Asks: 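Can you keep this structure in mind? I'll have questions shortly.
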Amino acid sequence: MNRILIIFLIIGFYSCGEKQKSEKKTKTSIIEKTDSELKNFELLQDFGKNKAKFGTPDTFELNDHSTNGGELKVFHDKDFDYIVFDFWLYGETGKLNYTYWTDKNRNMEFKFVKKLNYEYNKPYYEEDFKIDSTICYLSYSGMKSRMFDLNRNEIQKVELIDSTKNELESFFKDVTKGIKIIK
């Protein structure tokens, strides 16, 4: 009787271990599928790889948008189906970098946005200031916008996605209002 009980316990432990292994494999394949669906991250990689091919960007001074000024660099080339707008604004206690990938053939609709904020614990001209940074990505795919963190994990908070989307779209509209962009 004891032998039969021990055999059932061993079989039970073995089958539980196999089930956990198969669940881990399933989770891994789901994560890989999600990564392959992130097509707009390819824009980030493509631009990084081909930035030199765009040549000298159009540069605009942004003096009226922050305390220490800023600039906008616009990268465009006939061989690429996107335009990159790279904004930098500087302040005493931080700086921001918003980079937009737009479709140059359809009224410059957004494809992808990278939002990078640097915050200082005190003004940059004071000694020993510390920098904290946050980064997120906003992907425009069809009617739905998706937001990702630094590690490309999708953020599910609808309120955060909507507020970030509104912030980035209104920023772009406000800052580029008087600038003539050559496609």
Side-chain angles (χ1 to χ4, degrees), residues 22-54 57-58 60 62 65-66 70-91 93-120 131-177 179 181-183:
S22 69
E23 285 178 359
K24 285 181 183 177
K25 287 179 184 174
T26 304
K27 287 180 184 176
T28 303
S29 65
I30 290 171
I31 290 171
E32 288 170 4
K33 182 179 177 191
T34 303
D35 277 347
S36 69
E37 291 174 357
L38 305 179
K39 299 269 185 236
N40 288 334
F41 278 101
E42 293 173 5
L43 290 171
L44 184 69
Q45 294 166 338
D46 184 65
F47 179 66
K49 187 172 57 175
N50 294 304
K51 192 173 182 178
K53 292 180 183 178
F54 281 86
D58 297 333
F60 303 91
L62 303 175
H65 298 281
S66 67
E71 69 179 359
L72 163 61
K73 291 187 177 188
V74 181
F75 298 86
H76 54 90
D77 186 272
K78 63 179 173 36
D79 295 333
F80 294 90
D81 67 343
Y82 61 86
I83 299 173
V84 177
F85 294 82
D86 192 25
F87 294 89
W88 283 93
L89 293 180
Y90 307 102
T93 58
K95 62 183 172 182
L96 65 83
N97 173 227
Y98 294 168
T99 308
Y100 298 75
W101 282 258
T102 66
D103 186 327
K104 77 176 180 183
N105 298 322
R106 290 187 291 168
N107 297 323
M108 291 195 285
E109 292 177 9
F110 297 128
K111 291 182 166 191
F112 191 70
V113 182
K114 174 183 160 190
K115 177 184 176 187
L116 176 57
N117 287 344
Y118 296 94
E119 292 182 21
Y120 312 150
I131 301 172
D132 187 25
S133 65
T134 57
I135 189 169
C136 69
Y137 303 95
L138 195 61
S139 174
Y140 290 78
S141 44
M143 300 299 274
K144 184 179 178 187
S145 298
R146 298 170 64 192
M147 190 169 163
F148 301 90
D149 65 12
L150 172 65
N151 298 317
R152 299 182 181 182
N153 297 317
E154 187 167 2
I155 297 170
Q156 299 291 333
K157 296 179 183 175
V158 176
E159 300 85 20
L160 180 60
I161 295 167
D162 289 342
S163 67
T164 303
K165 180 180 174 187
N166 290 335
E167 172 193 343
L168 292 169
E169 289 175 2
S170 68
F171 174 85
F172 185 89
K173 183 179 175 184
D174 291 344
V175 176
T176 59
K177 190 172 10 185
I179 298 174
I181 306 298
I182 300 170
K183 292 184 184 182

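Residue numbers run from 1 in the order of the sequence given. None of the values given here were measured: they were computed from a predicted structure.
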Asks: Between Phe54 and Tyr82, what is the ring plane arrangement, given parallel below 30°, perpendicular above 60°, and tilted in between?
Replies: tilted
Asks: Could you tell me which residues satisfy ring-ring contact (aromatic ring centres under 6.0 Å, His included) with Phe75, sequence neighbours excluded, listed by chain and number?
Replies: Phe47
Asks: Looking at Lys111 and Asp81, is any side-chain nitrogen of the basic one under 4.0 Å from a carboxylate oxygen of the acidic one?
Replies: yes
Asks: Tell me the closest heavy-atom pair linking Ile161 and Ile155, and the distance in Å.
Replies: CD1-O, 3.3 Å
Asks: Keeping the roles fixed (side chain from Tyr100, backbone from Phe87), state whether a donor-acceptor pair exists under 3.5 Å.
Replies: no
Asks: Looking only at non-hydrogen atoms, find the nearest pair between Ser139 and Phe148 and report the distance.
Replies: CB-CE1, 3.9 Å
Asks: Could you go through Tyr98 and Leu138, starting from their C-alpha distance and side-chain angles, then the distance that decides it, and tell me whether this counts as side chain to side chain contact (heavy atoms under 4.5 Å, CB included)?
Replies: CA-CA 11 Å; Tyr98 294 168; Leu138 195 61; over 6 Å; no
Asks: List the atom of Lys78, the atom of Lys104, and the distance in Å for their closest heavy-atom pair.
Replies: CA-NZ, 3.3 Å
Asks: So, His76 and Asp58: side-chain donor and acceptor under 3.5 Å apart, yes or no?
Replies: yes
Asks: Looking only at heavy atoms, what is the nearest atom pair of Cys136 and Thr164, with distance?
Replies: SG-CG2, 4.3 Å
Asks: Once the angle between the rings of Phe112 and Tyr137 is folded into 0 to 90°, is it parallel (under 30°), tilted (30 to 60°) or perpendicular (over 60°)?
Replies: parallel
Asks: Given the rule in the side chain to side chain contact (heavy atoms under 4.5 Å, CB included) test, do Asp77 and Lys53 qualify, once you have shown the distances and angles that lead to the verdict?
Replies: CA-CA 8 Å; Asp77 186 272; Lys53 292 180 183 178; 5.9 Å; no
Asks: Find out whether Phe60 and Thr176 are in side-chain contact, i.e. whether some heavy atom of one side chain is under 4.5 Å from a heavy atom of the other.
Replies: no
Asks: Just to verify, what does Tyr140 make a ring-ring contact (aromatic ring centres under 6.0 Å, His included) with, not counting sequence neighbours?
Replies: Phe110
